[in-house]
Amino acid sequence: MLDIKYVRDNPERVKEFSAQKGCEVDVDGLLVADAERREVAGKLDSLRTERNKIADKVKQIKGKPAPELIKKGKQLKDEIAVLETELNEIDGVFIKLLKQVPNIPHEDVPVGFSEDENVVAEVVGKPPKFDFAPKNHYELASSRGWLDKERAAKVAGARFAYIKGDMVKLQMAIVQFVIDTLTSRAKIAEIIKRFKLKNISDKPFVPVLPPLMIKTEMYDAMDRLEPREDRYKIEDAELWLQGSAEHVLGSMYAGEILEEKELPVRMLGYASSFRQEAGTYGKDMEGIIRMHQFDKLEMEGFSVGENSFGEHLLFVAVQKFLLEELKLPYRVLQKCTYDIGKPNARGVDMEVWLPAQGKYRETHTADYMTDYQSRRLKTRVKRTDGKVELVHTNDATAFALGRIMVAIIENYQTKDEKVVVPEVLRAYMGGVEEV
RNA sequence: GGAAGGGUGACCGAGUGGUUGAUGGUACCGGUCUUGAAAACCGGCGUAGCUAAAACUACCGCGAGUUCGAAUCUCGCCCCUUCCGCCA
């Protein structure tokens with residue numbers, strides 16, 4: 001949620017970037033509701049002052065009741081009740097409208113009105129050349145006995161899979177590799193140096209296994225509940241299956257005031273994520289590119305405001321580093337206003353080359369949220385000077401395991417349907433060079 | 001799932017209807033003392049709304065109710081602890 005003060009002071013700018021982000025926002029209606037809300041709240045405050053004074057007088061008169069004061073007090077109570085109801089209603093409208101306002105785009109976000117206007121910022125590595133026709137991951141993995149979608153369909157339905165054998169070992173190897181990398185101060189320092197980042201702490205990430213379910217209230221505060229059709233609701237409970245570890249990690253410190261010395265908080269979550277994939281009917285049906293359930297390593301961070309952009313850049317650098325360690329060809333997209341998402345101030349995607357499709361496909365995303373999420377979560381920091389501020393949040397994919405294995409299988413395949421294990425993973429797979 | 005107890009400020013912990021926004025302690029910040037530090041002593045120290053500011057208002061897990069007046073009483077919900085049951 002955005003600060004209402006910003007909307008009050010910059011209504012035209014809010015209208016402008018809301019349109020650029022494709023968000024429908026009733027700024028004028030919001031400002032009217034805001035004014036009404038403040039007016040009623042002011043009246044309510046005066047009535048409460050009066051009530052408190054009367055209560056005070058009654059208290060001071062010892063023993064004897066004061067009928068006229070009691071009567072006045074009762075009358076005030078009724079008036080207050082009426083105004084409270086009124087304020088609740090206005091507040092409901094106000095919050096609903098304010099929630100529609102998206103985050104302010106960071107200054108370097110390109111303005112665009114469709115995902116085609118995302119900007120390719122960088123292309124790293126070269127697509128591999130094959131002296132045979134490369135297979136797609138699904139053909140290859142199925143013939144090797146690594147994937148069984150038919151039985152998964154029988155048991156759970158479409159967009160589920162049994163992943164088996166060496167592919168499971170590969171996933172575990174990637175997970176261990178990433179955990180080892182991101183929990184090492186030396187590695188973080190190396191990443192900072194390689195990507196020439198300035199004034200960034202080399203604090204390592206803390207690995208986290210989070211809950212996979214999240215309360216409605218928290219999901220909404222994260223601004224990730226909508227569109228609900230894409231979420232899985234747990235029947236008979238105010239709970240949902242999380243769609244990303246971001247949802248359960250980002251809400252972890254809700255309502256708390258952190259000490260500045262605890263920041264930055266950097267977490268590496270490992271969790272299964274669940275998505276209904278509403279509106280993607282028929283898309284990516286082959287293989288495991290788009291599933292209802294997939295495992296993901298996700299970075300989540302909390303920092304003070306002036307460091308949050310640096311944290312965002314670090315998260316992006318980590319993404320690049322990990323892809324480069326796996327020697328996968330990829331490109332970096334700087335997303336335009338339309339595509340970054342409502343709570344984002346900035347967004348970057350990584351796309352990895354998939355030889356069988358002959359194109360780059362999205363595997364990573366990095367979200368720079370500033371204080372948009374923390375405002376509703378009420379996650380704050382007490383600065384060393386004693387001031388309390390909202391923290392800034394960042395999240396970014398380390399690896400979506402399904403998609404990254406698709407990329408490895410396709411890019412590292414051999415003519416005889418084997419897959420060369422990326423060098424950095426071999427130590428985690430008993431030293432084998434090929435599976 | 002059943003039973004009992006409990007949720008108060010960064011932390012511990014008083015407080016059972018009226019100068020309690022909340023005793024006290026710890027931590028933290030400033031000062032005195034000291035060569036320096038520690039100790040001791042003095043002072044400061046919740047969040048948010050509306051404000052130029054003061055005043056005022058709200059907040060003692062969340063929500064509703066009783067009352068002139070609620071951290072304190074009633075009801076519902078959430079969470080935690082312990083015991084029992086079940087279980088990877």
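All of these numbers come straight from a predicted model, not from anything done at the bench. Just so it is clear: chains get the letters A, B, ... in the order the sequence lines come, proteins before strands, and each one is counted from 1.
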Take atom CE of A/M218 and atom C1' of B/rC62, then tell me their distance rounded to the nearest Å. 12 Å

Output the rounded distance in Å from CG (A/D34) to C1' (B/rC50). 11 Å

Can you sort out which residues in residues 38-52 of chain A have a heavy atom within less than 4.0 Å of RNA chain B? Ascending by number, please. A/R38, A/D45, A/R48, A/T49, A/R51, A/N52

OP1 or OP2 of B/rC68 sitting under 4.0 Å from any side-chain N/O of A/K77? yes

Separation of atom CD in A/E262 from atom C1' in B/rC11, rounded to whole Å: 12 Å

Test of ring centre spacing under 6.0 Å for A/H247 and A/Y219: yes

Could you tell me if the ring centre of A/F195 sits under 6.0 Å from that of A/F321? no

Check this one for me: any side-chain N or O of A/K74 less than 4.0 Å away from OP1 or OP2 of B/rU67? no

Atom-pair distance (NZ on A/K261; P on B/rA10), nearest Å: 14 Å

Which residue pairs pass the side chain to side chain donor-acceptor pair (under 3.5 Å) test with at least one member in residues 422-434 of chain A, sequence neighbours excluded? A/D180-A/Y428

N/O (side chain, A/R8) to phosphate O (OP1/OP2, B/rC50) under 4.0 Å: yes

What is the base-pairing partner of B/rC83, counting Watson-Crick and G-U wobble geometry with both distances under 3.5 Å? B/rG2

How many Å lie between NZ on A/K57 and C1' on B/rU19, as a whole number? 16 Å

So, does A/E262 use its side chain to make a donor-acceptor pair with the main chain of A/E259 at under 3.5 Å? yes

Candidates A/S18, A/P105, A/P110, A/P102 - the one meeting side chain to side chain contact (heavy atoms under 4.5 Å, CB included) with A/T337: A/P105

